[in-house]
**Student:** 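Okay, handing you the structure first.
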Amino acid sequence: MSGLRDASGKIVIDEAEAEEDVRSIELARSKLDEAKKYLDPRSIDSERMYGAAYEALEEQLGRIAYDLSDWQDRCDTSVKYIRHVVSEYKRIDKEYAAQAKELK
């Protein structure tokens, strides 16, 4: 098989490979979630840090946390899209199988 097409040029979706991709994305998402926990401004030793340095660090942590949330959303969207495509191709395969049965 080359890419998403079989030898006859027909588009093929490998459900097992798609699920492997989903697992990889979900693992990445959980690592992003873990990373966000370390960016909580409350975890900063605020008694030892104060003023402009503390505020700058707090601001940067907020930006990074926002970016991580954005990547988590992208992971969720990717998983939903992969699962949608797989289910859509399954539906199409069933329709073609039913039509082929009618033609016989």
Side-chain angles (χ1 to χ4, degrees):
M1 188 167 72
S2 173
L4 297 177
R5 298 184 184 274
D6 64 9
S8 66
K10 190 175 178 183
I11 294 175
V12 176
I13 301 292
D14 186 323
E15 190 174 359
E17 286 182 21
E19 274 306 309
E20 187 176 319
D21 290 344
V22 165
R23 283 191 299 279
S24 295
I25 293 168
E26 288 174 339
L27 177 62
R29 190 196 189 293
S30 70
K31 289 183 185 222
L32 292 169
D33 193 41
E34 190 176 319
K36 265 177 65 175
K37 291 176 188 174
Y38 292 107
L39 297 174
D40 187 347
R42 294 171 294 191
S43 68
I44 301 171
D45 187 358
S46 58
E47 290 182 14
R48 293 179 54 198
M49 292 189 74
Y50 51 89
Y54 177 79
E55 290 172 10
L57 182 58
E58 189 176 41
E59 183 180 330
Q60 284 299 326
L61 290 176
R63 285 183 188 158
I64 294 169
Y66 177 83
D67 288 343
L68 290 175
S69 292
D70 183 49
W71 280 102
Q72 286 177 307
D73 291 344
R74 291 174 187 218
C75 287
D76 293 341
T77 300
S78 296
V79 166
K80 287 177 188 173
Y81 182 72
I82 290 168
R83 290 199 168 132
H84 169 75
V85 168
V86 169
S87 68
E88 192 64 18
Y89 272 83
K90 283 176 149 180
R91 182 190 63 75
I92 291 168
D93 285 347
K94 284 182 184 178
E95 286 179 10
Y96 280 131
Q99 289 174 0
K101 239 183 200 181
E102 290 175 7
L103 293 175
K104 288 184 179 183

**Student:** Can you tell me how far the CD atom of E26 sits from the CG atom of D76, to the nearest 0.5 Å?
**Tutor:** 8.5 Å

**Student:** Do the charged groups of R91 and E88 touch, with an N to O distance under 4.0 Å?
**Tutor:** yes

**Student:** To the nearest 0.5 Å, what is the distance between CD1 on I25 and OG on S30?
**Tutor:** 12.5 Å

**Student:** Going from CD1 on I13 to OH on Y89, what distance comes out if it is rounded to the nearest 0.5 angstrom?
**Tutor:** 5.0 Å

**Student:** Under a single-linkage rule joining Ile, Leu, Val, Met, Phe, Trp and Tyr whose side-chain heavy atoms are separated by less than 4.5 Å, which residues share a cluster with Y66?
**Tutor:** none

**Student:** Should V86 and Y81 be counted in the same cluster of Ile, Leu, Val, Met, Phe, Trp and Tyr side chains packed under 4.5 Å apart?
**Tutor:** yes

**Student:** Starting at CD of E15, measure out to CD1 of I82 and round the result to the nearest 0.5 Å.
**Tutor:** 12.5 Å

**Student:** Do R63 and E59 pass the side-chain contact (heavy atoms from CB on, under 4.5 Å) test, and can you show the C-alpha distance, the side-chain angles, and the key distance before you say yes or no?
**Tutor:** CA-CA 6 Å; R63 285 183 188 158; E59 183 180 330; 2.4 Å; yes

**Student:** Ion pair present between D70 and R74, side-chain N to carboxylate O less than 4.0 angstrom?
**Tutor:** yes

**Student:** Please give me the minimum heavy-atom distance between K36 and A65, naming the atom from each residue.
**Tutor:** CD-O, 4.1 Å

**Student:** Taking atom OH of Y54 and atom CG of L61, what is their separation to the nearest 0.5 Å?
**Tutor:** 9.0 Å

**Student:** Would a hydrophobic clustering, with Ile, Leu, Val, Met, Phe, Trp and Tyr connected at side-chain separations under 4.5 Å, put L27 with V22?
**Tutor:** no

**Student:** Distance check, rounded to the nearest 0.5 Å: E19 atom CD versus D14 atom CG?
**Tutor:** 11.0 Å

